[in-house]
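Below you'll find the structure I mean.
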Amino acid sequence: LAKMLAAPRFIDIAAGEIEAHHFSDPLHQRVFDMAVHLQGEGDVSPVLVASVMRGDPAARGGFDLPQYIHSLAGVAPSITRMGDLLKQLRELALRRDLVEIGEGLAADARGDQADGSAQELADRASDALLHAGADKAAVRLTPFEIAQVTIRGLARHPDGLTLPLLRTHLERLHREIGGFRETDLVIILGKSGMGKSALMASTALHMALDGTPVIYFPPEMSGSQTVERMVCELDYRNAAKGIWYQKVRNGQLSDEEFERFVLASQHLEGLPLEIDDEDGLTIAQIQARARAFKAKMASRHKNPDGTPKT
């Protein structure tokens with residue numbers, strides 16, 4: 001606040017990184033909001049802030065608000081690392097949120113008249129944690145810095161064959177889209193029964209076989225159906241003629257096919273693959289489970305540079 005009041009150019013910097021709630025003191029929250037508002041109007045100074053806030057609850061309580069605001073501006077020259085202060089504010093605000101969530105959950109769980117079932121309490125806590133965790137400053141790169149990241153990747157892989165983060169193992173598709181890369185959102189559309197779920201199950205399997213941890217939420221198939229399809233695909237990789245999935249579903253395997261099915265299923269052991277087929281999951285629940293899965297796998301599966309391969 002001191003730096004913002006003494007040098008208005010810092011107001012825009014701060015407003016791009018934090019919000020009023022990052023301050024713990026309600027008075028500081030109001031001063032921040034007023035400084036940002038006045039900056040938007042094109043005119044801000046300690047005198048103006050103090051004047052506009054003369055009706056603030058703190059001033060009505062006998063507190064010398066103008067003197068306090070002027071004293072804040074007076075210590076600004078000793079503050080040099082604005083970025084570090086903004087990070088510290090965000091860190092402390094997140095810690096306060098975590099304490100509040102934890103204390104609230106503990107109180108609700110211990111209460112005789114708990115508002116909702118234990119599962120509902122857990123869901124609310126999960127949503128609150130997701131909201132708290134999402135409140136983080138984005139890393140902003142200039143267009144030049146982004147271009148340099150791309151150039152370094154191209155220089156490491158001039159043939160273009162190993163540049164993608166993940167291969168689809170469908171060579172025609174791979175040639176068209178270049179594989180899947182970090183942060184990609186890929187939407188697959190098709191009529192019912194055209195194989196969307198089967199395609200994604202196959203892709204998830206091959207990514208896991210490559211050592212990349214994958215969590216898969218089957219949208220239409222059960223976990224058992226998904227695994228049965230995966231085992232059929234594993235058999236097809238090692239046989240001239242694969243086992244038809246329909247024969248597995250109908251229990252019409254020959255003795256030889258049954259033995260192949262058993263052998264193929266062994267390849268699933270130890271794969272970094274998790275299938276979550278619980279019905280009725282919300283987007284927030286899927287996000288929470290994916291984040292938990294990523295944290296669990298991060299220490300087990302890493303890229304050559306030591307970063308998590310998830």
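Computation of the quantities below employed the complete heavy-atom set of this structure, encompassing side-chain atoms and omitting hydrogens, waters and symmetry-equivalent molecules.
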Contacts satisfying side chain to side chain donor-acceptor pair (under 3.5 Å) that involve residues 63-72 (not counting sequence neighbours) are His28-Tyr68
Is atom CG of Asp255 surrounded by more than 12 heavy atoms (other residues, nucleotides or ligands) closer than 6.0 Å?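 Incorrect, the count does not exceed 12.
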Are Gln252 and Trp244 side-chain neighbours, meaning at least one heavy-atom pair lies under 4.5 Å? no
Given side chains that start at C-beta, do those of Leu38 and Asp43 come closer than 4.5 Å, heavy atoms only?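 No, too far: nothing below the 4.5 Å cut-off.
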Using side chain to side chain contact (heavy atoms under 4.5 Å, CB included) as the criterion, list what pairs up with Glu176, not counting sequence neighbours. none
Between CD of Gln39 and OG of Ser45, what distance do you get to the nearest 0.5 Å? 11.0 Å
Apply side chain to side chain contact (heavy atoms under 4.5 Å, CB included) to Tyr236 and list each qualifying residue two or more places apart in sequence or on a separate chain. none
Going through the checks in order, is the side-chain contact (heavy atoms from CB on, under 4.5 Å) test met by Ser24 and Leu92? CA-CA 9 Å; Ser24 61; Leu92 293 175; over 6 Å; no
Salt bridge (charged side-chain N to carboxylate O under 4.0 Å, His left out) with Arg96: which residues, sequence neighbours excluded? none
Which pair of non-hydrogen atoms, one from Ala6 and one from Ala73, has the smallest distance, and what is that distance? CB-O, 3.9 Å
Do Pro213 and Phe293 touch side chain to side chain, with heavy atoms closer than 4.5 Å?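 Result yes, sub-4.5 Å side-chain heavy-atom pair found.
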Nearest-0.5 Å distance, CE of residue Met297 to OG1 of residue Thr212: 11.5 Å
Are Leu263 and Ile243 joined in one hydrophobic group, where the rule is that I, L, V, M, F, W and Y side chains link up if heavy atoms are under 4.5 Å apart?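 No; Ile243 is not reachable from Leu263 via cluster members.
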Can you tell me how far the CE atom of Met4 sits from the CZ atom of Arg9, to the nearest 0.5 Å? 13.0 Å
Would you list the pairs meeting salt bridge (Lys or Arg N to Asp or Glu O under 4.0 Å) in which at least one residue belongs to residues 242-253, sequence neighbours left out?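 Checked against salt bridge (Lys or Arg N to Asp or Glu O under 4.0 Å) - neighbours excluded - the pairs reaching residues 242-253 are Lys247-Glu257.
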State plainly whether one hydrophobic cluster holds both Val47 and Val52, where clusters connect Ile, Leu, Val, Met, Phe, Trp and Tyr through side-chain heavy atoms under 4.5 angstrom apart.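 No; tracing contacts between hydrophobic side chains, which count when under 4.5 Å, never links both residues.
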Minimum side-chain heavy-atom gap Pro218-Ile275 below 4.5 Å: yes
Using distance only, find each side-chain donor-acceptor pair of residues 264-273 under 3.5 Å and give its atom names and separation, not counting sequence neighbours.
| unit_1 | atom_1 | unit_2 | atom_2 | d |
| --- | --- | --- | --- | --- |
| Ser265 | OG | Val262 | O | 2.6 |
| Gln266 | NE2 | Val262 | O | 3.2 |

What I want to find out is whether Arg289 reaches Glu278 closely enough, with some N-O distance under 4.0 Å, to be called a salt bridge.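 The answer is yes: the pair qualifies as a salt bridge.
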Look up atom CD1 in Ile69 and atom CE in Met34, then write down how far apart they are to the nearest 0.5 Å.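 Here the rounded value is 9.0 Å.
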Drop me the distance from Met194's CE to Ile188's CD1, to the nearest 0.5 angstrom.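 Separation between the atoms: 12.0 Å.
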Please tell me whether Leu129 and Val99 are part of a single hydrophobic cluster in this structure, the criterion being side-chain heavy atoms less than 4.5 Å apart.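 Leu129 does not cluster with Val99.
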Which atom of Ser222 lies closest to which atom of Asp277, heavy atoms considered: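 In terms of heavy atoms, the two residues are closest at C-OD2, 3.8 Å.
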Considering residues at least two apart in sequence or located in another chain, which fulfil the salt bridge (charged side-chain N to carboxylate O under 4.0 Å, His left out) criterion with Glu233? none
Contact between Leu65 and Leu27 at the side-chain level, heavy atoms closer than 4.5 Å - yes or no?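 They are in side-chain contact.
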For Glu91, which residues count as a side chain to side chain contact (heavy atoms under 4.5 Å, CB included) partner, sequence neighbours excluded?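 Per chain and number, Glu91 pairs via side chain to side chain contact (heavy atoms under 4.5 Å, CB included) with Arg95.
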May I ask you to test the Asp276-Leu281 pair for a side-chain heavy-atom distance under 4.5 Å? yes
CA sep, side-chain torsions, deciding dist, call: Leu209, Leu234, side-chain contact (heavy atoms from CB on, under 4.5 Å): CA-CA 10 Å; Leu209 289 170; Leu234 287 167; 3.9 Å; yes
Arg124 side chain to Leu121 backbone, donor-acceptor under 3.5 Å: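 Side chain of Arg124 to backbone of Leu121: no pair is present.
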Is there any salt bridge (Lys or Arg N to Asp or Glu O under 4.0 Å) pair reaching into residues 27-37, and which pairs are they, with sequence neighbours excluded? Arg30-Asp56
For residues 196-207, the salt bridge (Lys or Arg N to Asp or Glu O under 4.0 Å) pairs (sequence neighbours left out) are none
May I ask whether Ile187 and Phe180 are part of the same hydrophobic cluster, defined by side-chain heavy atoms of I, L, V, M, F, W, Y residues being less than 4.5 angstrom apart, directly or through others? no
Do Ser197 and Met200 come within less than 4.5 Å of each other through their side chains, counting heavy atoms only?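 Side-chain contact under 4.5 Å: no.
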Could you work out, with side chain to side chain contact (heavy atoms under 4.5 Å, CB included) as the rule, every residue matching Leu86, not counting sequence neighbours?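 Applying side chain to side chain contact (heavy atoms under 4.5 Å, CB included) to Leu86 gives Ile13, Ala14, Glu17, Ile18, Met82.
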For His22 and Gln29, run side-chain contact (heavy atoms from CB on, under 4.5 Å): C-alpha distance rounded to whole Å, both residues' side-chain angles, the deciding distance at 0.1 Å, then the answer. CA-CA 8 Å; His22 287 113; Gln29 294 175 3; over 6 Å; no
Could you pull out all residues at least two apart from Asp84 that satisfy side-chain hydrogen bond (donor to acceptor under 3.5 Å, both in side chains)? Arg81
Take a 6.0 Å sphere around CZ of Phe258 and say whether it holds more than 12 heavy atoms from other residues, nucleotides or ligands.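 Counting neighbours around CZ of Phe258, 12 or fewer heavy atoms of other residues, nucleotides or ligands fall under 6.0 Å, so no.
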Rounded at 0.5 Å granularity, tell me how far NE2 in His206 sits from CG in Asp210. 9.0 Å
Any side-chain heavy atom of Leu1 sitting closer than 4.5 Å to one from Phe32? yes
With the 4.5 Å side-chain cut-off for hydrophobic clustering, are Tyr245 and Leu205 part of the same group? no
May I ask you to decide if Ala198's main-chain N or O and Ser202's side chain share a donor-acceptor pair within less than 3.5 Å?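 Not at all, since once roles are kept as given, no pair shorter than 3.5 Å links the two residues.
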